[in-house]
Amino acid sequence: MTSNKCFLQVLKGKSTDRVPFWYMRQAGRYLPEYMERRKSAGSFLDLCFSPDFAVEVTLQPLRRYHMDAAILFSDILVVPQALGQHLEFRQGEGPVLTPVDTADKIDLLGMGNFHRHLAPVYETVNRLKIQIPQETALIGFAGAPWTVATYMIQGHGSPDQAVTRSMAFQQEAVFQKLIDLLIKATSEYLLKQIEKGAEVIQLFDTWAGNLPDDQFRKWVIEPTRQIILNIRQNHPDIPIIGFPKGAGCRYPEYIRATGVSAVSIDTTMPLEWVRDHIQPLCPVQGNLDPLLLVAGGDPLEKRVLEILDCLSGGAFIFNLGHGIVPQTPPENVARVSEIIREYQK
Ligand code: CP3
C-alpha cells in the first residue's frame, strides 16, 4: 500500500518538496497541557496504561505544532515490567527497578503475562490509528535490548552503565540469556504495535555509544538485526528507524549489518560527515541539540538552518539529537517548527 504521508515518503527514499519533522519526546513535561493531565492521572505509569490519557497526550503536541509523525505515548521500560520485573517512576529520580542481576532472577522473568500486561498499550495504538490526522504517520517504538538491559541489571539509569558492562564481560552466558529474552519480547511487542496500526517503528538504543567495538557488535548490532529480521518476516515493508545514540563512526556498520531502514543521528554527529557517509546508505533523522531548543533565539535559528542546508538535499527528517527536556519553552518548539515548514529546499 502506498501512502502520501510526507514522513513515510522520505523513509521509502522518495523525494518530497518539504522536510518532514517530529521531535523525540515531543509529548511530555515541557507542555503545560501535559502537566495538567498528569496531575489527574496519578503516576506516570498509570498514564502509560490508560488509553484515554495516553491517546490524549500523544495528540497534544500535534495540536500545537502539526508534526509529520505522532509517537505512541509509553516508555521503553514497560517491557521489563511486562516480563515480571518490578518498576516504579519516582518523582525527581526517574525509573527504579528491582535489579535482575543473577541467572536465578533472570529465570523468574517470562512471557506468560506479557501481552495481557501490555494490552492497554495495544489499545492506545489502535485508537491513535483512528484519531490522528490523516497526513500524520504513527510511530510505534521499543527500547533496544542493550539499553533496556542496562536499566534491568542496574535497576536505574547511570552515566556509564558500568554494572551492566561488567556483567557482559564477567558472566557473558547469563547476560546473553537476558538479551535473548529481550529479543523475543521486543519482536513480539513491536509486531503487535504494527498489527494495531503503527506505520513506522523506532528502536531506541540510548546507551549504544558506551561499548567497545566487539561488544557493540554483540550487544547492539546483533540483537537489533534479529529483531528486524523477526519483524520483516511478517511485515517486509515496515520502515524501522534505529537510534544507536553515540555510535559515532560505527553508524555505517550499524546500518549495513542490522538492515534498518533509516537512522536517527545524535547531537554529536558532524553534519558534513553524515551527509557524505550516512545519507548515501539510508534516510537520516536528526540532530538538533535539545539544549539549544531550551536556549532559543538567534543561535537556535542559525543552527536549524545549518542542519537543513546540509542535509535536506538527501532523504532527511528533521528531529533532535535526543529527547526534548522539561525546561524547554514551548514557543521555541513553535519557532523551529515554523522555520522547517517554511524552508525552501
Ligand atoms: O513523546 C515521546 O517521545 C513518547 C514517549 C517516550 C517516553 N519515554 C515518555 C516518558 C519515549 C519514546 C521514551 C523513551 C525512553 N524512556 C528512553 C529512550 C530515549 C531516551 O530518551 O533516551 C529511555 C532511556 C527511557 C527511560 C526513562 N523514562 C527515563 C530514564 C525516564 C526519566 C527521565 C525523565 O525524562 O523523566 C523516563 C520517564 C519518562 N518517559 C517521561 C516521559 C514523558 C517523564 C515522566 C513524567 O511525566 O514524569
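When a ligand or atom number is given, it counts from 1 through the structure's own listing order. Remember, it's a predicted structure, so these values are computed and weren't measured experimentally.
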### Message
For Arg165 and Ser158, which I'm curious about, is there any donor-acceptor pair between the side chains at under 3.5 Å?
### Response
no

### Expected output: side-chain Glu199 to main-chain Leu138 donor-acceptor under 3.5 Å
yes

### Task
Measure the distance from atom 20 (C) of ligand 1 to every protein heavy atom, then report the residue, atom name and distance (to 0.1 Å) of the closest one.
His322 NE2, 3.2 Å

### Query
So, Trp146 and Gln215: side-chain donor and acceptor under 3.5 Å apart, yes or no?
no

### Query
Does ligand 1 have an atom under 4.0 Å from some heavy atom of Pro95?
yes

### Query
Does ligand 1 have any atom that is closer than 4.0 Å to a heavy atom of Lys245?
no

### Query
What protein heavy atom is closest to atom 14 (C) of ligand 1, reported as residue, atom name and distance in Å?
Ile76 CG2, 3.7 Å

#### Entry: Main-chain N/O of Met152 paired with Gln85 side-chain donor or acceptor, under 3.5 Å
yes

#### Entry: Of the listed options Gln60, Arg25, Gln91, closest to atom 13 (C) of ligand 1 (non-hydrogen atoms)
Arg25

### Query
atom 16 (N) of ligand 1: which protein heavy atom is closest, and how many Å away?
Asp75 OD1, 2.9 Å

### Message
Atom NZ of residue position Lys177 - does it have more than 12 heavy atoms of other residues, nucleotides or ligands inside 6.0 Å?
### Response
no

### Task
Give a yes/no on ligand 1: does Tyr151 have at least one heavy atom closer than 4.0 angstrom to it?
yes

### Query
Going by atom types alone, do Gln226 and Glu222 pair a side-chain donor with an acceptor below 3.5 Å?
yes

### Query
Do side-chain atoms of Asp266 reach the backbone of Gly246 as a donor and acceptor pair under 3.5 angstrom?
yes

### Task
Look at the side chain of Thr186 and the backbone N and O of Ile183, then say whether any donor-acceptor pair between them is shorter than 3.5 Å.
no

### Task
Report yes or no: does a heavy atom of Ser74 sit under 4.0 Å from some atom of ligand 1?
yes

### Message
How far is atom 38 (C) of ligand 1 from the closest protein heavy atom, and which atom is that?
### Response
Phe89 CE2, 3.5 Å

### Contact check: Ala27 vs ligand 1, nitrogen or oxygen atoms, below 3.5 angstrom
yes

### Query
Is the count of non-hydrogen atoms from other residues, nucleotides or ligands lying under 6.0 Å from Lys5 atom NZ greater than 12?
yes

### Query
Going by distance only, is there an N or O of Tyr23 that falls short of 3.5 Å from an N or O of ligand 1?
no

### Phe141 ring center within less than 6.0 Å of Phe243 ring center
no

### Query
Nearest 0.5 Å, what's the CD1-CD1 distance between Ile240 and Ile231?
4.0 Å

### Message
When you measure from the side chain of Gln279 to the backbone of Leu311, do you find a donor-acceptor pair of N or O atoms at a distance under 3.5 Å?
### Response
yes

#### Entry: Proximal atoms of ligand 1 relative to Phe73 (non-hydrogen, under 4.0 Å)
43 (C)

### Query
Any N/O of Arg29 closer than 3.5 Å to an N/O of ligand 1?
yes

### Summary
The protein heavy atom nearest to atom 10 (C) of ligand 1 is Phe44 CZ, 3.3 Å

### Query
Is Tyr34 near ligand 1, meaning one of its heavy atoms is under 4.0 Å from it?
yes

#### Entry: Sub-4.0 Å atoms of ligand 1 with respect to non-hydrogen atoms of Ile71
1 (O), 2 (C), 3 (O), 4 (C)

### Query
atom 18 (C) of ligand 1: which protein heavy atom is closest, and how many Å away?
Thr206 OG1, 3.3 Å

### Task
May I ask you to identify the nearest protein heavy atom to atom 11 (C) of ligand 1, giving residue, atom name and distance to one decimal place in Å?
Phe141 CZ, 3.7 Å

### Task
Report yes or no: does Leu72 have a heavy atom closer than 4.0 Å to ligand 1?
yes

### Query
Contact between Gly323 and ligand 1, counting heavy atoms under 4.0 Å?
no

### Query
Is Arg38 close to ligand 1, meaning an N/O of one under 3.5 Å from an N/O of the other?
yes

### Query
Do Tyr251 side-chain atoms and Ser264 backbone N/O form a donor-acceptor pair below 3.5 Å?
yes

